Amino acid sequence: MIGHGGWKWAGRAALTLIVAALLALFLLFVTLPVASLFLRISPEAFFRSLAESVVIDALTLSLATATVSTAVVVLFGTPLALVNARHDYLGREIIDTLTDLPIVLPPAVAGIALLMAFGRRGVVGQYFDAFGISIAFTTVAVILAQIFVASPFYIRQARASFEAVDRLYEDAARTLGASPATVALRITIPLAWSGLVSGAILSFARALGEFGATIMFAGNFQGRTQTMPLAIYTTMQGDLDAAISLAIILVVISFAVIAAVKVITRRSV
Amino acid sequence: MLSVHAVRHLRDFVLDITLSVRPGETLVLIGENGAGKSTVLNLISGILTPDEGEITLAGRTLFSSAERVAVPAENRKIGHLFQSYALFPHMTVAENVAFGLRCRKVPRPEIAFTVGNQLRAMNLADLADVNVSRLSGGQRQRVALARALVLEPELLLLDEPLAAVDMRAQAAMRGELRDRIRVAGIPCIVVTHNLRDAVELGDRLCLIDEGRVAAEGSPEEVLGMRENGFIASFAGPQAP
């Protein structure tokens with residue numbers, strides 16, 4: 001005989017079952033496509049396509065441009081994040097909103113916006129063009145597109161990390177004779193370090209995956225502007241093995257990024 | 001000699017303080033939580049800026065609203081110990097003590113020599129390479145004091161210097177602290193909630209109430225003012 005307590009138990013078991021089923025279904029939905037990449041290509045074919053020039057060019061270009069754009073983002077974003085974390089000034093909220101904008105802006109909008117600014121007839125680009133400098137459809141354009149879309153990932157994280165540093169350490173450093181620059185370099189940045197590194201990693205990953213803005217603003221030229229996502233899109237129509245191989249490399253990098261961020265942020269706690 | 005007149009508008013009241021401390025003298029500030037005691041220390045060390053007033057130390061003007069002078073905190077030569085000590089968690093004991101000397105661009109061999117001496121004098125030599133997160137309350141207090149004293153400050157500000165030291169070690173640490181202050185021979189201001197700190201460390205006592213000096217004098221004089229509610233509860237049932 002099932003008493004009142006028995007019904008309660010059965011209800012809880014059913015709920016657990018439903019939640020577990022939903023969870024399993026969702027996990028499957030995420031992992032199955034990624035697993036399919038590995039199932040649709042043999043190891044031999046994978047390593048064979050790694051030697052193809054389109055793959056090598058895309059890989060080198062992607063790693064180089066994402067590294068440069070991340071470095072630029074860190075160089076400009078760190079002071080900006082530090083100032084916004086520590087000082088209240090008129091217009092701070094506006095600047096914060098503007099730096100966040102690329103996160104919600106569709107990449108296609110970013111692409112055409114960059115083109116309108118830095119294209120040959122662009123608002124700024126026309127003056128560069130007068131000096132014989134063209135930006136659009138060059139490797140520089142790839143980097144600019146990456147900086148545009150990836151910068152918020154670093155700046156947001158950096159600002160949060162700086163805000164988490166107790167001001168008391170900065171005050172103590174001041175009374176011990178540290179100038180504001182020394183305080184930033186020797187106290188605030190070291191104490192925010194793990195957050196800054198994970199922000200830079202996230203920003204690097206976003207730059208590596210950039211597609212929409214790049215193809216519109218930089219074009220799709222192998223060796224110059226054809227990054228890995230663009231190469232996947234291009235080779236998919238002919239050489240599927242190359243496309244899958246590039247995709248697998250990006251999957252591996254993505255996993256490494258998640259793992260790195262987890263390890264770094266956990267160690268700091 | 002330190003002399004302070006400082007006015008600052010705080011959220012709940014206007015802080016308006018006038019006080020002076022002679023070299024070798026220790027002034028103890030007592031008062032309710034939120035009376036503005038720590039704010040007084042922050043105004044003197046330069047972490048906060050007064051709205052108006054004048055602060056002079058050993059003949060130097062550190063702040064003067066009339067003369068539009070405000071020496072930044074890093075150039076005031078004041079040792080300021082915070083209640084939680086604020087030891088830099090990413091550095092060892094020796095690195096913490098060396099921090100101020102490195103800011104002053106002192107040559108490395110000299111830093112090593114000076115820091116070594118300071119650590120020995122404070123019985124911290126064995127802990128030189130230990131990360132500060134692994135120290136006890138009493139050890140932290142000594143490191144914070146060493147970090148300030150190694151710079152030979154012209155004034156020492158101590159905010160609840162023994163609050164993080166465990167009860168059993170407090171009496172010994174208090175005696176040690178008193179001796180260090182005497183040896184340093186500079187003016188010193190101590191903020192405390194502890195009657196024994198006030199009696200044993202203080203040459204003079206100053207009661208702060210809502211940002212103003214409510215009473216000032218020798219410990220006996222101030223603690224004898226039993227008609228004051230705070231003093232009555234602070235000094236306990238019998239007079240010291």
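Proteins get letters first, then strands, A, B, ... in listed order; numbering begins at 1 in each. None of these values were measured; they are calculated from a predicted model.
In the displayed structure, A/Leu27 atom CG is contacted under 6.0 Å by more than 12 heavy atoms of other residues, nucleotides or ligands. A/Phe26 CZ: 12 or fewer foreign heavy atoms inside a 6.0 Å radius. The environment of CZ in A/Phe38 is crowded: more than 12 heavy-atom neighbours from other residues, nucleotides or ligands sit within 6.0 Å. Crowding of B/Arg174 atom CZ: a count of heavy atoms from other residues, nucleotides or ligands under 6.0 Å exceeding 12. Heavy-atom contacts from other residues, nucleotides or ligands closer than 6.0 Å to CZ of B/Arg22 number 12 or fewer. Open room surrounds CZ on A/Phe128; 12 or fewer heavy atoms of other groups in view lie less than 6.0 Å from it. Summarising the local packing, CZ of B/Phe113 is surrounded by 12 or fewer heavy atoms from other residues, nucleotides or ligands at distances under 6.0 Å.
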| message | Evaluate A/Leu176 against B/Arg147 for side chain to side chain contact (heavy atoms under 4.5 Å, CB included), listing each step before the verdict. | response | CA-CA 8 Å; A/Leu176 292 168; B/Arg147 186 172 72 173; 3.4 Å; yes
| task | For the pair A/Leu191 and B/His90, evaluate side chain to side chain contact (heavy atoms under 4.5 Å, CB included) and give the outcome as yes or no after the intermediate values. | result | CA-CA 7 Å; A/Leu191 288 177; B/His90 56 305; 3.3 Å; yes
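The contact between B/Ile78 and chain A is made entirely by backbone atoms, counting heavy-atom distances below 4.5 Å. Proximity to chain A (any heavy atom under 4.5 Å) is restricted, for B/Arg104, to the side chain, taken from C-beta onward. If you measure heavy-atom distances from A/Ser179 to chain B, the contacts under 4.5 Å come from both the backbone and the side chain. Of the atoms belonging to B/Leu87, it is backbone heavy atoms, and not side-chain ones, that fall under 4.5 Å from chain A.
A/Thr182 OG1 to B/Lys105 NZ: the interatomic distance, rounded to the nearest 0.5 Å, is 5.5 Å. A/Thr175 contributes atom OG1, which lies 8.5 Å from atom CG of B/Leu81 (distance to the nearest 0.5 angstrom).
Shortest non-hydrogen contact noted between B/Glu74 and A/Pro180 is OE2-CD, 3.2 Å. The two residues B/Cys103 and A/Gly177 have their closest heavy-atom pair at CB-O, 3.6 Å. Considering all non-hydrogen atoms of both residues, A/Tyr169 and B/Phe88 come closest at O-CE2, 3.3 Å. Residue B/Met91 comes nearest to A/Arg186 through the heavy atom pair CE-O, 3.9 Å, listed as atom of the first residue, atom of the second, then distance.
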